[in-house]
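First listed ligand is number 1; within each ligand, the first listed atom is number 1. When a residue number appears, it is its place in the shown sequence, counting from 1.
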Amino acid sequence: MQALPLSSIAVTHPPAKLNLFLELMGKREDGYHDIDTVMVAIDWRDQLRIQQSETPGVQLAVQWMPSLEIVARELGVDPDSDQGQSLLAIPDDSRNLVHRALVRFAEHFGLATGFSCHLAKSIPAGAGMGGASSDAASALLCAATLSGIPQDHPDLVVLAAELGSDIPFFLGNAATAWTAARAQGRGEQLTPVALTTQLNTVVAFPATSLSTAKIYSESSISDTPQPADAFIGALKTGDWGSIASHMCNRLQEPASKIAPQIDEILKSMWHLGLRGCQLTGSGSACFGLAESAIHATRLASQLRNQYSAVQQRGVRSDADRQSLPTARVVAASSVLVPASIQIE
Ligand SMILES: C[C@](O)(CO)[C@H](O)COP(=O)(O)OP(=O)(O)OC[C@H]1O[C@@H](n2ccc(N)nc2=O)[C@H](O)[C@@H]1O
Ligand SMILES: Nc1ncnc2c1ncn2[C@@H]1O[C@H](COP(=O)(O)OP(=O)(O)OP(=O)(O)O)[C@@H](O)[C@H]1O
């Protein structure tokens, strides 16, 4: 394969993920946990545009979609406040996983050229939805396409696992077209799981970001950890009620101790009629399953109305926020077709 001309732009739409099942199997000596999780990619997506540049190095510009103001309003935060900054300030330097992924890619493959990219964020950060990991996996695949390296080059999987535990899942989702996978080890050992039905979810991101390392450090391992087999059995039936009743996330307890609004959001989701309501990953986003896509859209709109009523009452103190949380709410389905890379 040949590198594409420098004028080519690779465009793709990295999806978020939800952890339908997450059990902690044990603590490891390297500071990580062995986990058994089942993840599904959903159609809540960022947008990434990458072009090669003549000079080495990575230039990254980041913005919110549809705009910073609209996302801040949905979250009920002032974008200039400390809370707004902690939720909405996405780094555009080497702290960004896209930047790190492209630097590692260029080093590894000995490229003389660099990359210039534009990242439009929609997936909340610090939400347990794997937004940064998905962006990084897409960046590796776009860089490979532009540089004439095959998408199934085995070194890409190695680079992905070095950069973060969730990144191999997204690489597999985009490169080999699986929607759901079981992830074991620290998350990098993947087995695709066939979905027999589209899952329809409502996802709510409370206006708080949680640190993955902190949530793991506050977690505890059950005396009898349950592997994902029974859950995968339920998933194969395609019956959403059975799937919902087998879901669980061992990180929910430590996350809701740190962010009590998680419990409030889960309660309001349950009362609306969503099932299997739980945290995704290390949080703070919560989700529940709905019977159909139309049902999910209707329930998301009802939930959004509840939270915007809270905002309109002008509730702003921390105590009020905890008892009457605000959240960004989206109806999202499992993706049946992975994000392709278009060349412009
Ligand atoms: C919570 C999940 O999103 C579930 O899919 C993932 O396990 C987190 O994956 P990630 O964000 O890619 O995490 P990494 O960047 O690899 O690790 C961040 C930190 O989380 C903790 N960590 C992460 C993964 C894991 N299996 N055990 C851990 O204890 C470690 O303290 C690590 O330093
Ligand atoms: N491309 C990116 N998009 C968003 N955040 C990024 C990105 N790169 C680095 N970050 C930083 O990483 C932090 C967490 O990002 P991320 O969105 O992956 O969290 P998460 O949804 O909790 O992920 P996970 O489920 O993998 O734990 C944010 O605080 C943000 O500052």
Closer than 4.0 Å to some heavy atom of [X] - which atoms of ligand 2 meet that?
| X | answer |
| --- | --- |
| Pro91 | 31 (O) |
| Lys121 | 3 (N), 4 (C) |
| Gly126 | 14 (C), 15 (O), 16 (P), 17 (O), 19 (O), 20 (P), 21 (O), 22 (O) |

Judging by distance only, is a nitrogen or oxygen of [X] under 3.5 angstrom from one on ligand 2?
| X | value |
| --- | --- |
| Gly128 | yes |
| Gly130 | yes |
| Ala127 | yes |
| Leu97 | yes |
| Val98 | no |

Other hydrophobic cluster members with Trp44, side-chain heavy atoms of Ile/Leu/Val/Met/Phe/Trp/Tyr under 4.5 Å, chained?
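Besides Trp44, the hydrophobic cluster comprises Leu18, Leu20, Phe21, Val38, Val40, Ile42, Ile123, Met129, Val193, Leu195, Leu199, Val203, Phe231, Ile232, Leu235, Trp240, Ile243, Met247, Phe287, Leu289, Val330, listed by chain and residue number.
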| query | Quick one: hydrophobic cluster around Met65, which other residues, with the 4.5 Å side-chain cut-off, linked directly or via members? | reply |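 Its cluster partners, ordered by chain and number, are none at all.
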When you check ligand 1 against the protein, what N or O pairs turn up below 3.5 Å? List the atom names and distances, or just say none.
from	atom 1	to	atom 2	distance (Å)
ligand 1	3 (O)	Lys17	NZ	3.0
ligand 1	3 (O)	Asp166	OD2	2.7
ligand 1	5 (O)	Lys17	NZ	3.4
ligand 1	5 (O)	Asn19	ND2	3.0
ligand 1	5 (O)	Asp166	OD1	2.9
ligand 1	7 (O)	Tyr216	OH	2.6
ligand 1	9 (O)	Asp166	OD2	3.3
ligand 1	12 (O)	Ser165	N	3.1
ligand 1	12 (O)	Asp166	N	3.0
ligand 1	16 (O)	Ser165	N	2.9
ligand 1	16 (O)	Ser165	OG	2.6
ligand 1	26 (N)	His33	O	2.9
ligand 1	26 (N)	Arg186	O	2.9
ligand 1	27 (N)	His33	N	2.8
ligand 1	29 (O)	His33	N	3.3
ligand 1	29 (O)	His33	ND1	2.8

Next on the checklist: Protein heavy atoms near atom 16 (P) of ligand 2, is at least one of them under 4.0 angstrom away?
Outcome noted: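 At least one protein heavy atom is under 4.0 Å away.
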Return the residue, atom name and 0.1 Å-rounded distance of the protein heavy atom closest to atom 29 (O) of ligand 2.
->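 Going atom by atom, the protein heavy atom closest to atom 29 (O) of ligand 2 ends up being Ala125 CB, 4.7 Å.
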* Under the ring-ring contact (aromatic ring centres under 6.0 Å, His included) test, which residues partner His246, sequence neighbours left out? ->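 ring-ring contact (aromatic ring centres under 6.0 Å, His included) list for His246, sorted by chain: empty.
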